[in-house]
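Shown next, in structure tokens, is the structure this report addresses.
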Amino acid sequence: MFSKAYSAAIHGIDGLIVSVEADVSDGLPLFDMVGLLGSEVKEARERVRIALKNSGYQLPAKRITVNLSPADIRKEGTAFDLPVAIAILTAFGYIPEESLSHVLIIGELSLSGTINKVNGVLPIVYSARQQGFLKCIVPKENAREGAVVNGIQTYGVSTLLEVVELLNAVKEFVPEFVDVKQLFHNQDREEDIDFAEVAGQKAAKRAIEIAVCGMHNILMIGPPGSGKTMLAKRIPTIMPELSFEESMEISKIYSIAGLMDQQPLILKRPFRSPHHTITTTALTGGGITPKPGEISLAHLGVLFLDELAEFQKNTIEVLRQPLEDKSINITRLNASYRYPAGFMLVAAMNPCSCGYYPDRNKCNCSINLVKRYLGRISQPLLDRFDICIEALQMNYKELEVQEKQETSEEIRRRVSIAREIQMERYKEQNIYFNSELTPRSIKKYCKLGTKEQSLLEQAFIKMNLSARAYHRILKVARTIADLDQCEQIGTKHISEAICYRSMDQKYWGE
Ligand SMILES: Nc1ncnc2c1ncn2[C@@H]1O[C@H](COP(=O)(O)OP(=O)(O)OP(=O)(O)O)[C@@H](O)[C@H]1O
Ligand SMILES: [Mg+2]
Ligand SMILES: [Zn+2]
């Protein structure tokens with residue numbers, strides 16, 4: 001007897017349909033599984049055998065062969081337990097063969113026959129719908145994740161016996177339902193943090209606003225307690241609200257990483273701040289059972305590297321490629337895949353190991369020591385920051401003033417307008433933000449008048465700028481002009497953009 005069930009593997013952030021074939025024949029009693037299986041999938045054999053027994057099935061002593069195809073895709077994880085068990089039960093005649101067509105099944109089995117949650121349900125259900133499946137059977141705990149996908153029914157199940165009942169249609173099961181529209185509109189938009197709580201720091205706030213408008217990477221340098229961490233944490237509060245498509249894109253990544261926490265969709269912009277002891281794999285993603293790393297979990301949001309100089313040098317250097325490509329390619333022995341990584345990089349650091357350079361009242365570090373500390377950030381990495389600012393220590397008086405500070409919502413309104421201007425301008429370009437402009441498109445979209453040109457030329461000579469720095473000034477000036485709702489870049493936009501370049505000269509220049 002032969003049967004075929006459908007399941008799925010995760011490849012990058014997509015679900016890939018896998019067929020699970022079971023064949024039962026006479027011969028020595030044996031249970032074999034083939035089809036390029038990772039170690040967890042190989043162990044499925046034991047889990048399935050015992051779960052079947054403990055669910056009350058006394059299978060006749062036969063030769064059972066299970067094949068997972070396509071054979072060239074490596075199957076990982078525990079989600080194949082349930083489809084393997086179902087394929088075997090079908091081959092033995094406990095389930096009618098035809099009830100398996102157009103049904104996709106995933107779930108991990110415990111030895112007692114209950115079903116445990118698995119990762120990646122959202123992208124799998126999404127792919128299943130695209131492939132024309134009508135139903136998905138998934139672990140109860142993951143059912144709400146699957147139910148956000150329209151046009152396919154998702155059933156949450158808790159035991160193997162329940163799945164058999166469902167497929168035999170012996171009693172009625174109701175597909176999981178999530179009202180996505182309501183979820184989206186009724187979400188609690190109240191943030192528990194707001195820019196209004198940050199006293200003063202006008203210059204830093206302005207630079208952050210510009211950075212968010214054009215998705216420019218930003219580096220903040222300054223002494224301890226100057227509010228760098230406080231400012232960075234508030235950046236997502238001025239980013240535009242997530243669209244449904246963005247929410248879906250982010251949720252797929254979180255689903256694969258197993259970070260959905262019962263919620264069916266991610267509704268807030270990501271803000272990830274990995275500790276400086278993080279490993280390269282945890283930052284970029286990958287591993288034996290592939291998982292997205294912090295840079296992908298920050299997709300469409302903020303990756304905050306606090307205490308940048310404390311990170312392992314080779315760990316932060318790997319960021320250079322994803323910062324250019326907005327995605328990361330992970331190559332393994334027999335597969336390569338891509339995770340999205342379109343994040344805004346925000347970093348903060350002290351200028352020296354004591355933190356107070358160049359304040360000589362507090363800092364005793366020798367110039368060599370300071371240089372060595374700053375040297376932990378390589379020039380190419382430094383070049384990836386379009387905006388570099390100093391966070392200055394606030395004095396008591398500045399903190400005391402009760403001057404009303406602008407709220408995140410007020411800032412966000414301006415950001416949204418500037419974002420729309422960029423969207424409109426680049427609608428045929430396959431880019432969204434000024435920071436994504438290539439040198440060629442800079443020529444087209446950042447045209448300067450003669451006054452502006454000579455201003456930039458003077459700065460170029462005086463500050464001994466590189467070609468890269470020159471392009472970055474133009475991109476930032478474009479964003480500042482957009483915030484001003486000016487089609488033409490003016491001298492004040494250029495000079496402000498130059499300011500954001502002079503800070504790294506101050507610390508890293510000769
Ligand atoms: N502008 C400000 N307005 C209100 N509170 C502030 C401001 N700046 C600093 N603080 C207070 O000081 C605390 C320390 O700030 P924060 O941790 O952001 O400093 P930091 O620059 O990250 O320092 P470090 O270099 O030590 O990490 C904040 O939690 C906040 O209470
Ligand atoms: Mg800090
Ligand atoms: Zn010092």
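Just so you know, residue 1 is the first one in the sequence shown, and it goes up from there. Order of appearance sets the numbers: ligands from 1, and atoms from 1 within every ligand. These numbers come from the heavy atoms of this one structure, side chains and all, not from hydrogens, waters or symmetry mates.
- Note on Arg413 versus Glu409: salt bridge recorded, some NZ/NE/NH1/NH2 to OD/OE distance being below 4.0 Å.
- Side-chain contact annotation: Asn350 with Tyr373, donor-acceptor N/O pair under 3.5 Å absent.
- Using a 4.0 Å cut-off between charged nitrogen and carboxylate oxygen, Lys228 and Asp306 do not count as a salt-bridge pair.
- Shown in contact with Ala199 at under 4.0 Å from a heavy atom are these atoms of ligand 1, numbered in order with element: 1 (N), 2 (C), 3 (N), 4 (C).
- Which parts of ligand 1 touch Gly227 is read off a 4.0 Å heavy-atom cut-off, strictly below it: atoms 8 (N), 9 (C), 15 (O), 16 (P), 18 (O), 19 (O), 20 (P), 21 (O).
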Applying ring pair (Phe, Tyr, Trp, His ring centres under 6.0 Å), run through Phe460 and Tyr470 and close with a yes or a no. CA-CA 7 Å; Phe460 193 80; Tyr470 171 83; 5.7 Å; yes
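- Residue-ligand proximity, Val198 to ligand 1, at heavy-atom distances under 4.0 Å covers atoms 1 (N), 3 (N).
- When the options Leu231, Thr229, Ile221 are ranked by their closest heavy atom to atom 22 (O) of ligand 1, first place goes to Thr229.
- Checked for salt-bridge contact, Asp325 and Arg338 miss the test: no charged N lies under 4.0 Å from a carboxylate O.
- The part of Asn350 lying near ligand 1 is the side chain, judged by heavy-atom distances below 4.0 Å.
- The backbone of Glu197, and not its side chain, has at least one atom closer than 4.0 Å to an atom of ligand 1 (non-hydrogen atoms only; backbone = N, CA, C, O).
- With the Zn ion (ligand 3) as the vertex, atom SG of Cys354 and atom SG of Cys363 span an angle of 110° (nearest 10 degrees).
- For ligand 1, the atoms sitting less than 4.0 Å from at least one non-hydrogen atom of Gln201 are 1 (N), numbered in the order shown with element in parentheses.
- At a heavy-atom distance under 4.0 Å, atoms from both the backbone and the side chain of Lys228 approach ligand 1.
- Contact atoms of ligand 1 toward Glu307: 27 (O) (distance under 4.0 Å to a heavy atom of the residue).
- For the pair Gly225 and ligand 1, a heavy-atom separation below 4.0 Å is found.
- Comment: Arg412 engages Glu241 in a salt bridge, judged by a side-chain N to carboxylate O separation of less than 4.0 angstrom.
- Here Met230 does not reach the Mg ion (ligand 2): none of its N/O/S atoms is less than 2.8 Å from the metal.
- A salt bridge does not link Asp386 to Arg501: none of the charged nitrogens lies less than 4.0 Å from a carboxylate oxygen.
- Where the criterion is an N or O separation shorter than 3.5 Å, residue side chain and backbone included, Asp306 fails it with respect to ligand 1.
- Ion pair Lys205/Glu406 not flagged as a salt bridge, since none of the NZ, NE, NH1 or NH2 atoms sits closer than 4.0 Å to an Asp/Glu carboxylate oxygen.
- Residue contacts with ligand 1: Ala391 is excluded, as none of its non-hydrogen atoms falls under 4.0 Å.
- Salt bridge status for Lys117 with Glu108: absent, with no side-chain N to carboxylate O gap under 4.0 Å.
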